[in-house]
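Right, one structure below, let's go through it.
Every value quoted in this text rests on a predicted model; they were computed, and no experiment measured them. All ligand and atom numbering here is 1-based and tracks the order in the structure.
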Amino acid sequence: MEKPHILQIGPYPDWDMERLEERFVMHRYFEADDKASFLSGCAEQIRGIATRGELGADKALIEALPNLEIISVYGVGYDAVDLKAAEAAGVRVTNTPDVLTKDVADLGVAMMLAASRGLVGAEDWVRSGNWKNKGLFPLKTRVFGKKVGILGLGRIGYEVARRCAAFDMDIHYNDLEPRDFAGDWHFVADPAALAKEVDFLFVTLTGGPATKGIVGRDVIEALGPDGMLINISRASNIDEAALLDALESKALGFACLDVFDGEPNVDERFLALDNVLLQPHHASGTIETRKAMGKLVYDNLAAQFDRKPLPTPVL
Ligand code: 8YV
């Protein structure tokens, strides 16, 4: 049987490439300097796209591939895939839910703890000799007993909330409606009211047009000069210009960010701030989780060409 041809939008670890190359002909779009001529050379053959959460597949790409059957996303978020264009072209879309949930929650909570206790500055305090020469490290802020807000109580939000509850924090959340499984966690009907209520606000929403800019100036200012914002979802959920203004003026106390508009190009204004903790979009970046994500990307592609049910379909 002839191997199906797959357009690969971004790099994967070697262990994924070995498995993919055994079963498919992989076209490394991300390595091409001249993307247009690369595409016109293989467009007719391509039957699948293998992409990443943050890279997706846009309308122009989907429409340029007349024999496309499936887009397999390495990530739970598929907001960068043009679902309308995929649906119109009869193209299936899959993602990698569940396998990354706990790692993403872990990174969010790790950032909250690290930032509250000043771990990055404290490490430098030891290495620079400040401990010996200047004395004690400045006192930091506790998390236990504080109020935490979860904006989006989906799978990842739930795991963040569970972890925060284990740190003896008081859990508040906002979602479309109160959730049965939330027990004694407090539902707050509006994102700005949630921000006003809490000390720490986690953004754990899915990305996409419905939630774009939901954390606007009003929410950021409601969180206030002593508040901390933690984003492990999509940059598009936050009005980044408003966030930068608030961090610079100290209208917002602190932000822990794993995602950025235009990443990996991070707005230089962030780099000048001392009230941010910046991470390179690696909340799902453990070996164990990335192996599970890679296997799901492969399993979905293989199921499509074996004409079997897709393990994790979105569309
Ligand atoms: C990225 C993510 O996909 O799951 C998601 O939606 O954003 C991440 O897991 C990861 O950087 C791999 O591209």
Side-chain angles (χ1 to χ4, degrees), residues 6-17 19-20 26 28-31 48-58 61 70-83 86 93-111 150-160 202-212 214-215 230-238 240 256-266 278-301 310-315:
I6 306 293
L7 190 69
Q8 186 184 343
I9 309 300
Y12 297 132
D14 290 346
W15 54 68
D16 291 323
M17 291 316 298
R19 183 167 38 209
L20 286 164
M26 301 300 291
R28 296 171 181 246
Y29 186 60
F30 61 99
E31 283 178 355
I49 286 178
T51 186
R52 301 165 53 110
E54 71 278 25
L55 301 175
D58 64 17
L61 184 63
I70 181 169
I71 300 168
S72 183
V73 180
Y74 181 82
V76 67
Y78 48 85
D79 50 301
V81 175
D82 190 319
L83 287 189
V93 178
T94 62
N95 67 343
T96 61
D98 300 318
V99 293
L100 48 67
T101 304
K102 293 189 181 196
D103 277 340
V104 174
D106 281 353
L107 190 90
V109 173
M111 286 199 289
I150 314 287
L151 186 51
L153 198 67
R155 286 177 281 222
I156 293 170
Y158 175 73
E159 290 298 333
V160 169
F202 282 85
V203 186
T204 48
L205 295 158
T206 51
T211 56
K212 189 170 167 46
I214 197 167
V215 179
I230 300 123
N231 191 10
I232 45 173
S233 62
R234 284 289 183 267
S236 60
N237 290 329
I238 297 182
E240 198 170 276
C256 302
L257 304 169
D258 188 43
V259 285
F260 302 86
D261 281 342
E263 62 187 52
N265 299 308
V266 175
L278 309 175
Q279 298 288 297
H281 195 158
H282 73 139
S284 68
T286 65
I287 293 164
E288 297 89 338
T289 278
R290 289 289 168 87
K291 282 192 168 168
M293 288 165 64
K295 182 160 184 318
L296 264 180
V297 166
Y298 173 90
D299 287 349
N300 279 294
L301 290 171
L310 303 180
T312 48
V314 172
L315 196 70

Which residue pairs pass the side-chain hydrogen bond (donor to acceptor under 3.5 Å, both in side chains) test when at least one of the two sits in residues 71-81, sequence neighbours left out? S72-T94, D79-R234
Can you find a heavy atom in the side chain of R290 that is under 4.5 Å from one in the side chain of Y12? no
Tell me yes or no: between the side chains of N237 and T211, is some donor less than 3.5 Å from an acceptor? yes
Near ligand 1, which residues have a heavy atom under 4.0 Å away from one of its atoms? R52, G53, E54, Y74, G75, V76, G77, L100, R234, H281, S284, R290, M293
pair L107-D258: side-chain heavy atoms closer than 4.5 Å: yes
Scanning both residues in full, the closest heavy-atom pair of L55 with G10 reads CD1-CA, 3.7 Å
Tell me, do V215 and N231 make a side-chain contact under 4.5 Å, heavy atoms counted? no
